[in-house]
Protein chains: 2
Amino acid sequence: MKKKTRVNIYDVAEEAGFSISTVSRALNDDARISAKTKVKVKAAARRLGFQKNAIATSLSTNQSKVIGVLVSELNRGFLSSLVHTLEDTAFAMGYSVIICQTNNSHEREKTYMDTLIASRVAGIIATLSLETDSYEHFEKAKEQGIKVVLVDRVSPKIKSTTKIVIDDYQTAFEGTQHIIGQGYDKIAYVSGPTKQLLYADRLRGFEQALKVAGLPLNPEWIEYSDDLSYEEGTRIAKKILSRKDKPNAIFTANNLAAISTIAYARQIGIRVPEDLGVIGFSEEPFSAFMQPSVTSIRQPSTEMGKLAVQKLVEEINADPGESYIHQKIILDTELIPRESTNRLCKR
Amino acid sequence: MKKKTRVNIYDVAEEAGFSISTVSRALNDDARISAKTKVKVKAAARRLGFQKNAIATSLSTNQSKVIGVLVSELNRGFLSSLVHTLEDTAFAMGYSVIICQTNNSHEREKTYMDTLIASRVAGIIATLSLETDSYEHFEKAKEQGIKVVLVDRVSPKIKSTTKIVIDDYQTAFEGTQHIIGQGYDKIAYVSGPTKQLLYADRLRGFEQALKVAGLPLNPEWIEYSDDLSYEEGTRIAKKILSRKDKPNAIFTANNLAAISTIAYARQIGIRVPEDLGVIGFSEEPFSAFMQPSVTSIRQPSTEMGKLAVQKLVEEINADPGESYIHQKIILDTELIPRESTNRLCKR
DNA sequence: TTGTAGGCGTTATCAC
DNA sequence: GTGATAACGCCTACAA
């Protein structure tokens, strides 16, 4: 009916003088095929320029060597570095990756989930979109036998799933302690949307550190942003720094906001770190190069990426007989003190 | 032989009381099927949680809705922004993207090409790896009927292929003129591997601008780097700035090298821009935030990405009867003057 | 060690 | 409008 397009195993079989099953086995290095036959078959395949059709293999074996990656955006420091590692690790383990950017839209996340299910990917590695607050689409994937690993942005509502995270509460707690240790005592906080667990945890850690240190928690000093972009950071810095009762330090839930906060502060004549200390979550490539350089918190994107792929492949290859044990893996973060909070020892 | 795993059209056919042909047509909104039937079939599909198997469709139709993207690395400014746009545009046009990082390895580029051919992607968008100097693998893809679009890093040796580039020669020429216009007259150049056309062109543009301006072209002031990383930039800056006859400006073929050059210069007490002007190819997110901010050349990654997908899809959907006309599209760049070359008007 | 034949889930050709 | 059935290219149980 349709004309066949490219060289297939039938052609190779004819060329080599064997049946298609022998060809198939030979090409897959099946133990039952003699070395001589394999050589002949492979030679014939090469002669004809045969390229195995992965689609047909996938349909026949009902499995694929493809991993779907759901991520909000590719062009931000942490995520671009995470995806970089994911792809690299997947390649090393024989998998390809389909990248799906949700742009932080719940709707698009669901659409993509359907696409990935339709593509019969072996597994999915996902970082929840900021908007996402229901999780049926993840259940759907799992019902279809697709393994899922969540990274960084997770939810306790998604059960029976490997999760790879940092301890956001503890990290924010320690970050806050660092600022306090530098002699700042009126500390503001710029949060992401707290319906995302990680932002809620960070905020809690911040508040707890203030409490432990006996410092005031001024509700006016806590601001929220949906996307923590550079512009949002500026807007919020403006708001916070125009209050009568100004803070002398600002902790932002990402590093982009920290940078725009610094830029804005300097613009209106507030010195950093002398008058205002600034610390931000997430190390960005430029954190170290800024003037002043920015104190930040490094999330182990490389380790998270590697582990995500390894755990996913582990689960994909797990014996379907026995139940796979899902872990929540918590990785260490690293506080990188730099000039933006360095109030004690002058440069 | 194998047990079927998920709901297929046979199940839906049974549930709806139609044949599989009717079901298939109904689900694809074929005009011949009555509205009533469509409703019934779709209801049945929904009831059963049917998800069409894209693999089977692909095998049957011999086409797929997947685009392969070959790129050296994801975690660099220009490329991460390019891939961001590629994915976004592809999504809008109904395609998924498989991302393949070559890590600038020719070998890996070839391996990935085979994978993409095996996956029967509809097309490939590629940025050549820095190492690549032979192109049979691209011919191979095209022989298999896979459309190819090249972006940014291209080669004249790959024929009959849409190419989307900037005018590297002209851009470097103008960048050099900018430096000269700022009063610098002893200008060094840090190049990437000139076997890549774009680096050769940039170098030519640089040399030509010096010639036109009647400035000396000191061979000692031209250095080459294989990867233009931050570390490489430092190494080369060290080399150039330790010469007896020092330049008073440096033009680097990417922005990362510009940043490390500035950092190194300041470290050894050379003032930027007063003693040394620095300009770099490729705008990075941090170029504007640095101190001093870095004069750079913006490549239109968004436009390039959009155009690449559009042209590729256009070719995929082209009537196979008539020959498709391949274009080389040259997009404008933008020089962004900032402090690092601002020697004339003091800040 | 090799061959035969049926199946994976669709689409498409041809009848009715 | 709808249905039966052969393809798409590969894998594999079973037979030899």
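Everything numeric in this text was worked out from a predicted model, so none of it was measured. FYI, side chains are in, hydrogens and waters are out, and symmetry mates aren't considered; it's all heavy atoms of this structure. Naming: A, B, ... by sequence-line order, numbering from 1 per chain.
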| request: Tell me which nucleotide among dT10(C), dC11(D), dC10(D) gets nearest to the side chain of N53(B). | output: dT10(C)
| task | Using the ring pair (Phe, Tyr, Trp, His ring centres under 6.0 Å) rule, collect all pairs that involve residues 118-141 of chain B, keeping only residues at least two apart or in two chains. | result | H106(B)-H137(B)
| task | For S34(B), enumerate each residue passing the side-chain contact (heavy atoms from CB on, under 4.5 Å) test, keeping only those at least two apart in sequence or located in another chain. | result | K36(B), T37(B)
| said: So, using side-chain contact (heavy atoms from CB on, under 4.5 Å) as the criterion, who are the partners of A44(B) when residues are at least two apart? | reply: V12(B), E15(B), A16(B), R47(B)
| message | With each end axis built from five pairs of C1' atoms, what bend angle do you get for the helix from dT1(C)-dA16(D) to dC16(C)-dG1(D)? Round to 10°. | response | 40°
| field | Gap between atoms CZ and P, on R25(A) and dC10(D) respectively (whole Å) | value | 15 Å
| query | Can you find an N or O donor on one side and an acceptor on the other, under 3.5 Å apart, linking the side chain of T57(B) with the base of dT10(C)? | reply | no
| said: Please determine whether a side-chain nitrogen of the Lys or Arg among E314(B) and K311(B) lies less than 4.0 Å from a carboxylate oxygen of the Asp or Glu. | reply: yes
| query | How do Q51(A) and Y10(B) order along DNA chain D: which one's closest nucleotide is nearer the 5' end? | reply | Y10(B)
| With H84(A), the side-chain hydrogen bond (donor to acceptor under 3.5 Å, both in side chains) member among R76(B), E73(B), Q101(B) | Q101(B)
| message | Can you tell whether the side chains of K42(A) and D29(A) come within less than 4.0 Å, N to carboxylate O? | response | yes
| message | Between C1' on dC8(D) and CZ on R120(B), what's the gap in Å once rounded to a whole number? | response | 11 Å
| message | I need the single residue from L197(B), T127(B), V149(B) that forms a side-chain contact (heavy atoms from CB on, under 4.5 Å) with V154(B). Which is it? | response | L197(B)
| task | Could you list by number each residue of residues 30-46 of chain B showing a heavy-atom separation from DNA chain C of less than 4.0 Å, or answer none if no residue does? | result | none
| Quick one, which residues of residues 17-24 of chain A touch DNA chain D with a heavy atom under 4.0 Å? | I20(A), S21(A), S24(A)
| Ignoring hydrogens and geometry, is there a side-chain-to-backbone donor-acceptor pair from R120(B) to S64(B) under 3.5 Å? | no
| query | Would K142(A) and T161(A) satisfy side chain to side chain donor-acceptor pair (under 3.5 Å), going step by step from the backbone distance to the final call? | reply | CA-CA 9 Å; K142(A) 293 201 296 185; T161(A) 305; 2.9 Å; yes
| query | Do N8(A) and N53(A) have side-chain N/O donor and acceptor atoms under 3.5 Å apart? | reply | no
| query | Could you state the CG-P distance from N8(A) to dC11(D), rounded to the nearest angstrom? | reply | 12 Å
| query | Can you tell me how far CG of L79(A) sits from CG of D152(A), rounded to the nearest 0.5 angstrom? | reply | 7.0 Å
| request: Return the value, rounded to whole Å, for the distance between atom CG of D29(B) and atom C1' of dG1(D). | output: 15 Å
| message | Tell me the interatomic distance from I9(B), atom CD1, to dA12(C), atom C1', rounded to whole angstroms. | response | 12 Å
| request: Measure from the side-chain heavy atoms of T61(A) and tell me the nearest of dT10(C), dC14(C), dC11(D). | output: dC11(D)
| Rounded to the nearest Å, what distance is computed from the CD1 atom of residue I55(A) to the C1' atom of nucleotide dC8(C)? | 13 Å
